[in-house]
Amino acid sequence: MGAQGSGKGTQAERIGPQLKLVKVATGDLFRSAIAQQSELGLQVQSIIESGNLVPDELTNAIVQVRLAQIAANREKSDEVQGALFDGFPRTEAQARALDDILAAQGTKLDAVIEIDVPREKLITRLSGRRTCENCGAVYHVESDPPQVDGICDKCGGKLIQREDDKPDSIARRLALYDNQTRPLLDYYREKGILVTVDGDQNIDTVTAEILAALNERASA
Ligand code: AMP
C-alpha cells in the first residue's frame, strides 16, 4: 500500500524475486491489456488515462484469474511461494473480495506493507517519472535518468510520460488514494497485519526495512 509514486512498484520488483513471490500489479495487467488492445484493454483505456479507478468487478476478476494461475504454478514449482500485490486492493470492496478469493483457496494475506512518503515528494516523483513504452521499466528525469535521454537502458525502447503522470491526473489519483484507499490501512491495522515503512529514504534502505519487517513477522 502507498500513494502513487511511493515506490510500490520499485520495491515489489526487488522483494518479489527474493521471497519467490509473483508480483500481481493490477496497473501493469491493465496496461498490458491496453497494449494488446484486448477487449479488457479497450474497456479500461480511457478510465486509466484519466487517472480514475477501474470498476471493482473488472479489477477483482483479473486478480482472480491471475491468482488461479499462480496457485497452479505453485503446485508445479518450488520457485513460486505466493503472490505480492502492487496497486491492489485500492477500495474496501476490493479488499473484501481479495479476502474471499484467498479464503476460497485456503489461504490469506500474511502482511500488508504501507510505504509512507510525504505529499510534496510524491508530486515531484510522479511528474518526473518516465516509463519505457516497450518493457515498462521506470526512470526519473532527475533522480534516476537513463544513460541516453528518452531511451530505455534495458531494451532500447522509447521513454514516455504516462498519460496518468500528467498534472491533472496526478491530482486526481492522489485524491482517490486519500478517499478510497487510505481507509484500507485501518482495515488491515485492525487485522494486525499492517507494517508501515518510511518510504522517504534511499531505495536500498526501504527494501532492507521491508524485508526485515517481513522476516520478523515470519519468525514471530
Ligand atoms: P498503477 O500502475 O498502480 O498506478 O495503476 C494505473 C491505473 O490503473 C490506475 O490509476 C487505475 O486507473 C488503474 N488501476 C490499477 N489498479 C487498480 C485497482 N486496484 N482498482 C482500480 N483501478 C486500478
Side-chain angles (χ1 to χ4, degrees), residues 1-13 15-16 19 21-34 38-72 74 82-117 122 126 136 162 164-165 169-197 199 210 214:
M1 307 285 291
Q4 290 70 23
S6 59
K8 296 189 299 291
T10 303
Q11 294 300 334
E13 289 290 345
I15 282 159
L19 300 181
L21 302 176
V22 181
K23 182 164 99 156
V24 180
T26 38
D28 290 348
L29 294 173
F30 289 136
R31 279 186 289 278
S32 97
I34 293 172
S38 68
E39 197 184 323
L40 172 70
L42 295 173
Q43 259 175 307
V44 301
Q45 181 159 14
S46 63
I47 303 177
I48 289 185
E49 288 184 351
S50 66
N52 287 311
L53 289 182
V54 173
D56 289 331
E57 308 77 69
L58 278 179
T59 308
N60 295 339
I62 57 160
V63 169
Q64 187 158 21
V65 169
R66 192 74 192 96
L67 283 180
Q69 291 164 347
I70 294 171
R74 191 178 170 190
L84 175 62
F85 297 96
D86 166 12
F88 179 88
R90 264 176 157 96
T91 65
E92 190 177 332
Q94 292 179 12
R96 293 190 188 282
L98 178 60
D99 285 347
D100 292 346
I101 296 169
L102 293 176
Q105 291 191 0
T107 184
K108 63 179 173 48
L109 286 177
D110 291 312
V112 175
I113 308 284
E114 177 199 8
I115 306 182
D116 189 31
V117 174
L122 293 174
L126 288 169
R162 274 167 46 177
D164 58 354
D165 281 342
S169 291
I170 291 176
R172 189 167 311 130
R173 291 161 73 209
L174 291 176
L176 274 173
Y177 183 79
D178 285 340
N179 296 334
Q180 308 255 22
T181 310
R182 195 182 288 283
L184 292 184
L185 298 176
D186 284 333
Y187 179 77
Y188 291 124
R189 195 174 286 118
E190 276 162 29
K191 287 180 182 279
I193 55 173
L194 182 71
V195 176
T196 300
V197 169
I210 293 173
L214 290 175

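Atom set for the values below is all heavy atoms of this structure, side chains included, hydrogens, waters and symmetry mates excluded. Keep in mind it's a predicted model, so treat the numbers as computed, not measured.
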Under-4.0 Å salt bridge between R31 and D28 | yes

The reported gap from CD in Q180 to CZ in R173 (rounded to nearest 0.5 angstrom) is 14.5 Å

Student check: side-chain heavy atoms of V112 and Y187 closer than 4.5 Å = no

Looking at side-chain heavy atoms only, is the closest gap between D116 and V197 below 4.5 Å?
-> no

Heavy-atom closest pair, residues L122 and A3 | CD1-CB, 3.5 Å

Are any of the side-chain heavy atoms of Q4 and I170 separated by less than 4.5 Å?
-> no

For R96 and D56, run salt bridge (Lys or Arg N to Asp or Glu O under 4.0 Å): C-alpha distance rounded to whole Å, both residues' side-chain angles, the deciding distance at 0.1 Å, then the answer.
-> CA-CA 11 Å; R96 293 190 188 282; D56 289 331; over 6 Å; no

Give, for atom CG of L214 and atom CG of D110, the distance between the pair rounded to the nearest 0.5 Å.
-> 9.0 Å

Locate the shortest heavy-atom distance separating S169 from G51; write the atom from each residue and the value.
-> OG-N, 4.1 Å

Using atom types as modelled and distance alone, determine if a side-chain donor or acceptor of K8 lies under 3.5 Å from a backbone N or O of G2.
-> yes

Test: K191 and D99 ion pair at under 4.0 Å = yes

Can you find a heavy atom in the side chain of L84 that is under 4.5 Å from one in the side chain of V24?
-> no

Short N-O contact, R172 and D164, less than 4.0 angstrom | no

Mind listing the closest non-hydrogen atom pair of A33 and L40 along with its distance?
-> CB-CD2, 3.9 Å

Taken to the nearest 0.5 Å, the spacing of I113 CD1 from S6 OG works out to 12.0 Å

Non-hydrogen atoms of A71 and Q105 that approach each other most closely | CB-OE1, 4.0 Å

I34 versus E49: any side-chain heavy-atom pair under 4.5 Å?
-> no

Can you find a heavy atom in the side chain of I115 that is under 4.5 Å from one in the side chain of M1?
-> no

Measure the shortest side-chain to side-chain distance between F85 and L67 over non-hydrogen atoms and say whether it is less than 4.5 angstrom.
-> yes

Backbone N/O of R90 and side chain of Q94: donor-acceptor pair under 3.5 Å = yes

CA sep, side-chain torsions, deciding dist, call: R66, I62, side-chain contact (heavy atoms from CB on, under 4.5 Å) = CA-CA 6 Å; R66 192 74 192 96; I62 57 160; over 6 Å; no

How many angstroms lie between atom CZ of R189 and atom CG of L194, to the nearest 0.5 angstrom?
-> 5.5 Å

Closest contact, heavy atoms only, P183 versus D178 | CD-O, 3.6 Å

To the nearest 0.5 Å, how far apart are CG in L98 and CG in N60?
-> 8.5 Å

Backbone N/O of G82 and side chain of R74: donor-acceptor pair under 3.5 Å | no

Just wondering, do T59 and F30 contact through their side chains at under 4.5 Å, heavy atoms?
-> yes

So how far is it from T181 OG1 to L53 CG, rounded to the nearest 0.5 Å?
-> 6.0 Å

Using atom types as modelled and distance alone, determine if a side-chain donor or acceptor of T107 lies under 3.5 Å from a backbone N or O of L102.
-> no

